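Below: the structure, in structure tokens.
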Number of protein chains: 2
Amino acid sequence: MKRTKAERQRLLKEKIEETPFITDEQLANFFAVSIQTIRLDRMELSIPELRERIKYVATNQWNETVKALPLEEVIGEVIDLELDRRAISILDIHSDLVFSRNKIARGHHLFAQANSLAVAVINDELALTAKADIKFTRQVKEGERVVAKAFVEGNQKGLTIVNVKSYVGNEKVFSGIFHMYRSNEEKGEDNHEISN
Amino acid sequence: MKRTKAERQRLLKEKIEETPFITDEQLANFFAVSIQTIRLDRMELSIPELRERIKYVATNQWNETVKALPLEEVIGEVIDLELDRRAISILDIHSDLVFSRNKIARGHHLFAQANSLAVAVINDELALTAKADIKFTRQVKEGERVVAKAFVEGNQKGLTIVNVKSYVGNEKVFSGIFHMYRSNEEKGEDNHEISN
DNA sequence: ATTACTGTTAGTACCAAGTCATAAAATTGT
DNA sequence: ACAATTTTATGACTTGGTACTAACAGTAAT
């Protein structure tokens with residue numbers, strides 16, 4: 001079955017995404033063309049060589065062709081989510097989350113809630129916090145319910161800015177600007193290179 | 001400093017566990033021995049070659065068990081504490097602290113470690129984080145040990161400034177300036193610089 | 001028909017990061 | 001001092017490539 005070049009390249013891309021640990025030789029066999037053809041194809045598609053692909057998977061950057069962050073991994077409960085726009089989660093401060101002495105919620109829980117919400121709102125398989133500027137404006141005590149609201153505010157030199165504000169009732173208790181690294185550019189054209 | 005063989009091999013093992021993506025050449029440099037010695041060592045310790053190590057890391061992510069993570073009292077272990085001066089804690093990044101998909105430690109754990117250390121170093125019953133300026137400078141992967149070092153840097157309008165830097169090996173992975181609220185004034189006045 | 005272009009194949013030289021085997025040199029133990 | 005251990009050197013071979021050059025077949029254009 002003679003495939004066209006475009007067709008073969010489409011399939012090649014798929015194949016490599018499926019099983020990244022495949023040598024050019026195996027690919028050549030699979031597509032019944034020469035190794036050189038495979039290499040030309042890879043070059044045209046700017047698909048890196050096997051070792052680079054493996055390294056890529058190993059180091060992360062990867063994080064895969066798969067979906068977004070599973071919502072179970074978000075601290076707190078996501079009650080509203082509009083990818084790349086905004087998200088809301090709630091976290092009930094129960095006894096495990098407070099200092100035993102004064103029943104005040106430990107800061108890192110509020111941070112964790114906000115941070116994981118910032119990760120979740122990013123429409124990308126891999127979102128990591130590069131930088132954050134945060135403020136705890138009021139103590140939160142046991143029994144209170146914290147509502148975190150995240151807003152994506154745009155990009156700044158490759159990082160996505162997410163603003164998260166957390167409230168108990170209508171009192172702000174926490175706010176933070178998160179600078180999020182993401183592996184791919186925002187949706188749309190996915191013609192991006194990998195240059196390192 | 002002449003190390004014994006056994007000692008070198010012990011360190012070698014550690015080093016490779018820490019940073020698996022290191023070539024024999026780099027290792028030879030690091031330990032100031034020849035490449036061949038490194039290779040003999042690896043053989044004796046049956047440590048596979050670089051590419052195999054990379055592949056191992058890469059494939060491990062593939063067949064992964066996903067699990068949810070509760071944020072417990074997992075803020076690291078304080079190993080050195082000089083109240084109102086400095087403190088050190090270590091946190092081993094085990095499987096519960098990472099994103100299931102890519103084995104990268106979730107940011108809030110690093111934050112939690114640093115933040116709780118900042119709380120601990122304050123000589124007061126009540127210390128709360130008012131503000132924080134933090135930066136994640138390198139991803140931390142499962143199995144790595146994060147050493148957080150906190151330095152009290154003085155006061156600024158009622159808030160105590162604590163500088164926390166976290167390292168894996170000698171690589172900085174996190175840094176943050178914490179502005180801590182405290183109920184009582186500090187007892188002793190002390191300002192010290194940190195040089196890095 | 002000649003020319004130009006595309007797509008494919010082939011072959012060479014080279015590289016990184018190893019392996020394996022073998023030998024010589026240096027260090028250490030006694 | 002001498003043997004044993006440890007380290008270094010050396011060369012040949014392996015994998016999975018890159019980079020480049022050349023050649024050939026088929027199709028299209030003039």
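Since the model is a prediction, treat every value here as computed from it, not as a measurement. In what follows, every chain begins at residue 1, and chains take the letters A, B, ... in the order their sequences are listed.
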(Q) Between C1' on C:dG18 and CD1 on A:Ile54, what's the gap in Å once rounded to a whole number? (A)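 From A:Ile54 CD1 to C:dG18 C1': 14 Å.
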Q. B:Glu25 has an atom CD; how far is it from atom P of C:dA17, in whole Å?
A.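 Nearest whole value for this atom pair: 7 Å.
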Q: Any salt bridge (charged side-chain N to carboxylate O under 4.0 Å, His left out) involving residues 110-119 of chain B? Give me the pairs, sequence neighbours left out, ordered by first then second residue.
A: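 The answer is none; no pair qualifies.
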Q.
Could you work out, with side chain to side chain contact (heavy atoms under 4.5 Å, CB included) as the rule, every residue matching A:Gln36, not counting sequence neighbours?
A.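 A:Gln36 satisfies side chain to side chain contact (heavy atoms under 4.5 Å, CB included) with A:Ser34 once adjacent residues are dropped.
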Q: Quick one: list whatever passes side chain to side chain contact (heavy atoms under 4.5 Å, CB included) with A:Asp133, sequence neighbours left out.
A: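 Result, side chain to side chain contact (heavy atoms under 4.5 Å, CB included) vs A:Asp133: A:Ile177, B:Asp133.
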Counterpart residues, side-chain hydrogen bond (donor to acceptor under 3.5 Å, both in side chains), relative to [X] (two or more places apart):
X	answer
B:Glu25	none
A:Thr137	none
A:Glu144	A:Arg138

Q) Under the ring-ring contact (aromatic ring centres under 6.0 Å, His included) rule, what pairs show up with a residue in residues 133-178 of chain A, not counting sequence neighbours? A)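 Applying ring-ring contact (aromatic ring centres under 6.0 Å, His included) to every pair that reaches into residues 133-178 of chain A, excluding sequence neighbours, yields A:Phe111-A:Phe178, A:Phe136-A:Phe174.
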Q: Give me the residues of residues 40-47 of chain B where at least one heavy atom lies under 4.0 Å from an atom of DNA chain C, by number, or none.
A: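 Residues of residues 40-47 of chain B that come under 4.0 Å of DNA chain C are, in numerical order, B:Arg42.
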Q) Hey, are the side chains of A:Lys5 and A:Asp41 touching, using non-hydrogen atoms and a 4.5 Å cut-off? A)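 A:Lys5 vs A:Asp41: side chains touch.
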Q: Tell me whether the OP1 or OP2 atom of C:dG18 has a side-chain N or O from A:Arg51 closer than 4.0 Å.
A: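 No, A:Arg51 has no side-chain N/O under 4.0 Å of OP1/OP2 on C:dG18.
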Q) What residues join B:Ile16 in its hydrophobic cluster, counting side-chain heavy atom gaps under 4.5 Å, either direct or through other members? A)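 Same cluster as B:Ile16: B:Leu11, B:Leu12, B:Ile22, B:Leu27, B:Phe30, B:Phe31, B:Val33, B:Ile38, B:Leu45, B:Ile47.
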**Q.** Partner set under salt bridge (charged side-chain N to carboxylate O under 4.0 Å, His left out) for A:Glu153, not counting sequence neighbours
**A.**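 A:Glu153 satisfies salt bridge (charged side-chain N to carboxylate O under 4.0 Å, His left out) with no residue once adjacent residues are dropped.
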Q. Considering only heavy atoms, which members of residues 26-39 of chain B lie under 4.0 Å from some atom of DNA chain D?
A.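 Result for residues 26-39 of chain B: B:Val33, B:Ser34, B:Gln36, B:Thr37, sorted by number.
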Q) Between which nucleotides of DNA chain D, read 5' to 3', does contact with chain A run, using atoms under 4.0 Å from its heavy atoms? A)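 Under 4.0 Å from chain A, the extent on DNA chain D is D:dT15 to D:dT18.
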